[in-house]
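The structure appears right after this line, and notes come after that.
Only heavy atoms go into these numbers, but all of them, side chains included; no hydrogens, no water, no symmetry mates. Note that the structure is predicted; figures quoted are calculated from it, not measured. Numbering of ligands and ligand atoms starts at 1, following listing order.
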Amino acid sequence: MNHHRKPIIAANWKMFKTVPEARETAVQLKVLLDGGPALHSREVVVCPPFTALAAVKEALSGSGIQLGGQNLHWEDEGAFTGEISAGMLLDCGCRYVLLGHSERRQFFFETDEAVSRKLRAVLSTPLIPVLCVGESLAQREGGRMEAVIEAQLAGALAGVEASRLDRLVVAYEPVWAIGTGKTATPAIADQVHGMIREWLARRCSADMAAAVRILYGGSVKPANAGELMARENIDGALVGGASLDADSFARIVEFK
Ligand code: 13P
């Protein structure tokens with residue numbers, strides 16, 4: 001963490017929680033964080049399933065905790081059964097949206113080209129894109145980590161002018177650390193974040209790269225959040241499993 005960059009701690013609830021469960025967790029989170037110092041020095045975001053966005057929005061109102069979508073479609077509207085547009089997320093009160101999460105890439109065949117279309121759609125709205133990148137275990141072991149991440153970044157940012165990327169947030173989520181209990185060591189994560197920042201400096205500008213928040217995701221827990229966030233290039237966390245419980249997520253938000 002660098003004091004010029006305000007950390008973002010984001011909860012990705014994935015395909016968990018009914019509306020009553022989501023509402024209850026959001027209410028607990030608001031109570032746990034309300035009035036504490038963390039909400040002044042950190043941005044806190046909750047990304048529930050689409051079905052719970054309205055209930056979570058209501059439960060979090062007045063708390064300063066922001067809402068995010070987990071995915072979207074690049075068109076404004078149309079015959080795209082099962083999809084949700086940027087406008088619809090804004091309508092539900094979202095400020096952020098995740099793009100290209102590894103589960104979308106892996107299970108729903110989302111390509112860099114699709115991620116790029118989504119990014120361009122998001123940049124034409126006030127939503128803040130959280131672009132997820134990360135290598136698999138086989139790619140890391142094959143010595144291809146850097147090439148894979150650079151290709152994901154280049155693919156997603158293709159055709160986007162650097163001047164439009166000042167809102168971009170990046171999340172580095174090594175696939176081998178998601179839901180496995182295996183966290184990248186703070187040193188490994190920091191090294192990859194540094195590499196991403198250098199790539200952005202070359203692609204955009206030194207100023208943009210110095211300001212961009214790069215979050216780490218993959219088995220972040222209350223016990224390891226502090227040591228991860230202490231690293232220069234780690235500007236927050238994208239939390240899956242440990243964000244489902246309000247108490248555990250609040251302890252991550254309040255990392256020391
Ligand atoms: P876990 O925290 O469950 O490993 O999930 C990470 C993740 O995919 C967040 O988007």
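Among R117, Q152, R105, the one residue that satisfies the side chain to side chain donor-acceptor pair (under 3.5 Å) test with D112 is R105. Evaluated for a side-chain contact (heavy atoms from CB on, under 4.5 Å) with P186, the options Q191, M229, E227 yield exactly one hit, E227.
Taking any N or O of K221, backbone or side chain, none lies under 3.5 Å from an N or O belonging to ligand 1. Considering backbone and side-chain atoms together, T180 places no N or O closer than 3.5 Å to any N or O of ligand 1. At under 3.5 Å, a nitrogen or oxygen of G179, whether backbone or side chain, sits near a nitrogen or oxygen of ligand 1. Checked by distance only, ligand 1 and A242 stay at 3.5 Å or farther apart across all their nitrogen or oxygen atoms. Below 3.5 Å of separation, one finds an N or O of G241 facing an N or O of ligand 1.
Without hydrogens or angle criteria, D190 side chain to N233 main chain gives a donor-acceptor distance under 3.5 Å. The backbone N or O of M195 lies less than 3.5 Å from no partner atom in the side chain of E198, so there is not a single donor-acceptor pair.
Under 3.5 Å, the side chains of Q70 and H101 contain no donor-acceptor pair of N or O atoms. Under the 3.5 Å distance criterion, with hydrogens and angles disregarded, a donor-acceptor pair is assigned to the side chains of K17 and T25. Judged purely by distance below 3.5 Å, without hydrogens or angles, the side chains of N224 and T183 pair a donor atom with an acceptor atom.
For the ligand labelled ligand 1, residue S243 lies outside the 4.0 Å heavy-atom shell.
Counting heavy atoms from C-beta on, the side chains of Q28 and D247 never come closer than 4.5 Å.
Distance from atom 5 (O) of ligand 1 to its nearest protein heavy atom, with residue and atom name: K14 NZ, 3.3 Å. For atom 9 (C) of ligand 1, the nearest protein heavy atom (residue, atom name, distance) is E173 OE2, 2.9 Å.
Close contacts between ligand 1 and A177 involve ligand atoms 4 (O) [criterion: under 4.0 Å to a heavy atom]. The ligand atoms of ligand 1 that sit less than 4.0 angstrom from a heavy atom of G218 are 4 (O), 6 (C). Close approach of ligand 1 to G240 (heavy-atom distance below 4.0 Å) involves ligand atoms 1 (P), 2 (O), 3 (O), 5 (O), 6 (C), 9 (C). Which parts of ligand 1 touch H101 is read off a 4.0 Å heavy-atom cut-off, strictly below it: atoms 7 (C), 8 (O), 9 (C), 10 (O). Counting atoms of ligand 1 from 1 in the listed order, those under 4.0 Å from a heavy atom of L238 are 9 (C), 10 (O).
M145 CE to S136 OG: the interatomic distance, rounded to the nearest 0.5 Å, is 12.0 Å.
Only the side chain of N12 comes within contact range of ligand 1, with a heavy atom under 4.0 Å; no backbone atom does. The residue A171 has no part lying near ligand 1, judged by heavy-atom distances below 4.0 Å.
Using a 30° and 60° split on the angle between ring planes, Y216 and H193 fall in the tilted class, from 30° to 60°.
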